[in-house]
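Notes follow the structure.
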Amino acid sequence: MNGLRELRNFGKVEAEDDAVLDYFVEMSVTSNVDDGDTFLVLGRKGSGKTALYRHFTEDKHSDFSAGLNLNGYPWKVHERVKDDGVEHVESYVASWKYLIAVEFAKIVLQMSDRYQMTEVIELNKFLDDNYGTSSPSIKNIFAPKGLKVSGDLEPQILGCKLGKISLSGREDNVQLGSELNALTDKILSYVQRVAEVSNLDQVFIHFDELDRGITKLTEERKDLIIGLILAAKEVRKYFSRSSTYFKSVVYLRRDIWDELIFSDKNKIAESNADFIEWNHEQLFGMIKKRISVLLGEGCSWDDIDDGKRINQQPKWKHIIDRTLMRPRDVISFLNTLLEVAKKKEEHEIVFENKDVVEARPKYSNYLKNELDDEILPHWVDWEVCLQALSRIGKLYFKKDDYAEAYSGINSVENKTYSEEQSLQELYNFSVIEYEARSGYGGSGWKSKFANPELGWDSNATRFKVHLGLKEYMKLKEERS
């Protein structure tokens with residue numbers, strides 16, 4: 001067994017840089033994506049979406065799937081491929097369906113050994129004619145100014161064959177949707193035929209990093225994301241009777257999902273979406289898995305903890321209470337804690353209470369920066385609220401105290417929200433919790449990160465700042 005002294009870290013905060021497959025912990029969402037109705041995976045930044053994406057694309061589904069990372073995706077190019085003949089929220093459904101069809105075609109062509117099938121020949125010809133390869137990059141799907149279509153793959157609109165579909169240079173794109181949909185249906189029918197004749201059991205594509213590069217969530221980007229979700233739903237329906245199981249899975253931050261407005265949203269949330277949620281036991285299970293992998297099989301938390309409680313809590317629970325119930329927060333705290341512990345002179349080290357206390361300020365700064373990344377695209381002046389909370393100076397506060405502090409800040413002429421609205425948004429982003437009275441005379445603290453389905457209580461009068469921000473905001477922990 002290795003000791004903490006030899007350990008470099010507990011992993012990387014960013015899942016794409018982490019050896020996440022070595023530590024992967026299966027949850028209910030895993031099986032729901034694998035063989036259930038789920039095609040939309042929602043979670044806060046750092047909740048494990050990319051880890052799940054990598055689990056499927058690099059491990060479980062690696063032989064029959066494509067991982068489509070949209071980091072660096074040419075969104076501005078895609079914006080031009082817009083169907084002006086439908087409502088704005090559906091204006092990108094046709095283009096995403098076409099992209100999904102091309103991606104399925106690429107996988108099926110790679111997996112099939114039926115090289116002389118007419119459908120295989122036609123699909124290869126279409127891809128070669130338009131992209132110069134049978135496996136074009138996702139970033140190049142809409143790079144051509146137009147798509148050449150010929151042979152049996154050539155679709156018809158109102159009895160007229162389409163020799164070419166223009167993707168740019170039109171005065172309007174009223175007909176683009178119907179033309180692309182006609183071509184897409186042809187490609188999908190060929191893909192299904194090739195997959196079934198080739199006895200392919202499953203074909204998956206996974207979309208990740210839709211939020212990368214967003215500094216402001218524009219209406220155009222919202223429509224693009226809605227279009228992808230609706231396209232994934234429609235393509236799934238197209239293949240519903242196929243003997244090959246096709247699925248396109250979309251991984252999306254929950255705060256972005258909450259901003260989207262479209263008619264099928266509730267239906268998809270109820271039937272086809274899964275929310276990644278962690279509890280204390282699951283996060284502690286993740287910690288134990290990493291300890292076992294990093295320090296040797298049989299090694300446990302007890303081997304690196306001196307056993308003393310901190311504020312009447314086990315240290316691991318004290319750590320998790322300062323997170324937003326996300327793996328990345330736990331990893332960040334543990335890495336900071338390890339840095340602190342390794343400063344000690346003893347060769348054999350374990351985590352002590354004083355190490356945890358010393359690690360909290362650096363971790364608190366990390367958490368504030370994480371919240372900046374998540375909140376700023378939606379709420380540019382949210383730090384006005386932090387200033388108000390800092391003026392109060394206490395972890396626990398009353399609504400009247402906040403209203404007075406918030407109204408007294410004049411550094412921003414036009415605040416985005418009123419006092420009440422800003423409290424609600426702070427709750428929605430898990431910056432604060434509210435006290436809820438039970439019917440039995442007791443009370444408890446309600447937080448969005450621990451209870452995602454729980455809404456705002458406008459009648460609440462007592463609140464608590466998230467424990468992880470206490471050191472950053474220099475708050476006193478005294479109860480009123």
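The chain is numbered in sequence order, starting from 1.
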Minimum heavy-atom separation for [X] to [Y], with atom names?
{"X": "R290", "Y": "G11", "value": "NH1-CA, 3.6 Å"}
{"X": "G43", "Y": "K49", "value": "O-NZ, 3.2 Å"}
{"X": "S422", "Y": "W379", "value": "O-CH2, 3.7 Å"}
{"X": "P136", "Y": "V102", "value": "CG-CG1, 4.3 Å"}
{"X": "S134", "Y": "K106", "value": "O-CG, 3.7 Å"}
{"X": "F10", "Y": "I291", "value": "CE2-CG1, 4.2 Å"}

Salt bridge (Lys or Arg N to Asp or Glu O under 4.0 Å) between D59 and R54, intermediate numbers included | CA-CA 7 Å; D59 189 5; R54 289 187 58 192; over 6 Å; no
Dump the intermediate steps for side chain to side chain contact (heavy atoms under 4.5 Å, CB included) on W278 and I276, then the final yes or no.
-> CA-CA 7 Å; W278 297 79; I276 299 179; 3.5 Å; yes
With under 30° as parallel and over 60° as perpendicular, where do the rings of [X] and [Y] fit, or are they tilted in between?
{"X": "H78", "Y": "Y92", "result": "perpendicular"}
{"X": "H55", "Y": "F24", "result": "parallel"}
{"X": "F207", "Y": "W96", "result": "perpendicular"}

If you measure from the Lys or Arg side-chain nitrogens to the Asp or Glu carboxylate oxygens, is any gap between [X] and [Y] under 4.0 Å?
{"X": "D264", "Y": "K233", "answer": "yes"}
{"X": "K125", "Y": "E122", "answer": "no"}
{"X": "E433", "Y": "K448", "answer": "no"}
{"X": "R360", "Y": "E471", "answer": "yes"}
{"X": "R328", "Y": "E374", "answer": "no"}
{"X": "R114", "Y": "E119", "answer": "no"}
{"X": "K222", "Y": "E219", "answer": "yes"}
{"X": "K368", "Y": "E383", "answer": "yes"}
{"X": "K45", "Y": "D255", "answer": "no"}

For the side chain of [X] and the backbone of [Y], is there at least one donor-acceptor N/O pair under 3.5 Å apart?
{"X": "N140", "Y": "A143", "answer": "no"}
{"X": "N181", "Y": "G177", "answer": "yes"}
{"X": "W456", "Y": "Q421", "answer": "no"}
{"X": "S243", "Y": "E196", "answer": "no"}
{"X": "D274", "Y": "T38", "answer": "no"}
{"X": "T184", "Y": "L180", "answer": "yes"}
{"X": "Y131", "Y": "I141", "answer": "yes"}
{"X": "D37", "Y": "S271", "answer": "no"}
{"X": "N124", "Y": "I121", "answer": "no"}
{"X": "D83", "Y": "Q175", "answer": "no"}

Please step through side chain to side chain contact (heavy atoms under 4.5 Å, CB included) for the pair L40 and W257, ending with a clear verdict.
-> CA-CA 10 Å; L40 177 62; W257 169 254; 3.5 Å; yes
For the [atom1] atom of [X] and the [atom2] atom of [Y], what is their distance to the nearest 0.5 Å?
{"X": "Y98", "Y": "D185", "atom1": "OH", "atom2": "CG", "answer": "13.5 Å"}
{"X": "D223", "Y": "T218", "atom1": "CG", "atom2": "OG1", "answer": "8.5 Å"}
{"X": "T50", "Y": "D208", "atom1": "OG1", "atom2": "CG", "answer": "3.5 Å"}
{"X": "L167", "Y": "K82", "atom1": "CG", "atom2": "NZ", "answer": "15.5 Å"}
{"X": "S95", "Y": "E79", "atom1": "OG", "atom2": "CD", "answer": "11.0 Å"}
{"X": "R212", "Y": "N71", "atom1": "CZ", "atom2": "CG", "answer": "4.5 Å"}

Within the 3.5 Å criterion, strictly below it, is a donor on [X] or [Y] matched to an acceptor on the partner's side chain?
{"X": "S47", "Y": "R253", "answer": "no"}
{"X": "H206", "Y": "N69", "answer": "no"}
{"X": "D329", "Y": "Y366", "answer": "yes"}
{"X": "W382", "Y": "D372", "answer": "yes"}

Should V203 and T244 be marked as a side chain to side chain contact (heavy atoms under 4.5 Å, CB included) after you check the CA-CA gap, both sets of side-chain angles, and the distance that decides it?
-> CA-CA 7 Å; V203 183; T244 303; 3.9 Å; yes
Hey, is CZ on R193 packed in by over 12 heavy atoms from elsewhere, all under 6.0 Å?
-> no
Taking everything shown except K267 itself, do over 12 heavy atoms lie less than 6.0 Å from its NZ?
-> no
Evaluate side chain to side chain contact (heavy atoms under 4.5 Å, CB included) for L99 paired with F142, printing each intermediate quantity in order.
-> CA-CA 8 Å; L99 184 147; F142 298 114; 3.9 Å; yes
Could you tell me if the side chain of [Y] sits less than 4.5 Å from the side chain of [X], heavy atoms only?
{"X": "L210", "Y": "I256", "value": "no"}
{"X": "I287", "Y": "I319", "value": "no"}
{"X": "W316", "Y": "H280", "value": "yes"}
{"X": "L176", "Y": "D84", "value": "no"}
{"X": "M111", "Y": "V108", "value": "no"}
{"X": "E103", "Y": "L68", "value": "yes"}
{"X": "S150", "Y": "F126", "value": "no"}
{"X": "N272", "Y": "I229", "value": "no"}

Considering the options Y245, Y53, F204, which one meets the ring-ring contact (aromatic ring centres under 6.0 Å, His included) requirement together with H61?
-> F204
Ring centroid separation for Y238 and F246, is it under 6.0 angstrom?
-> no
Taking the six-membered ring of W301, is the NZ or CZ of K315 close enough (under 6.0 Å from the centre) and on axis enough (within 45°)?
-> no
Honestly, is R221 close enough over W75, meaning NZ or CZ under 6.0 Å from the six-membered ring centre and within 45° of the axis?
-> yes
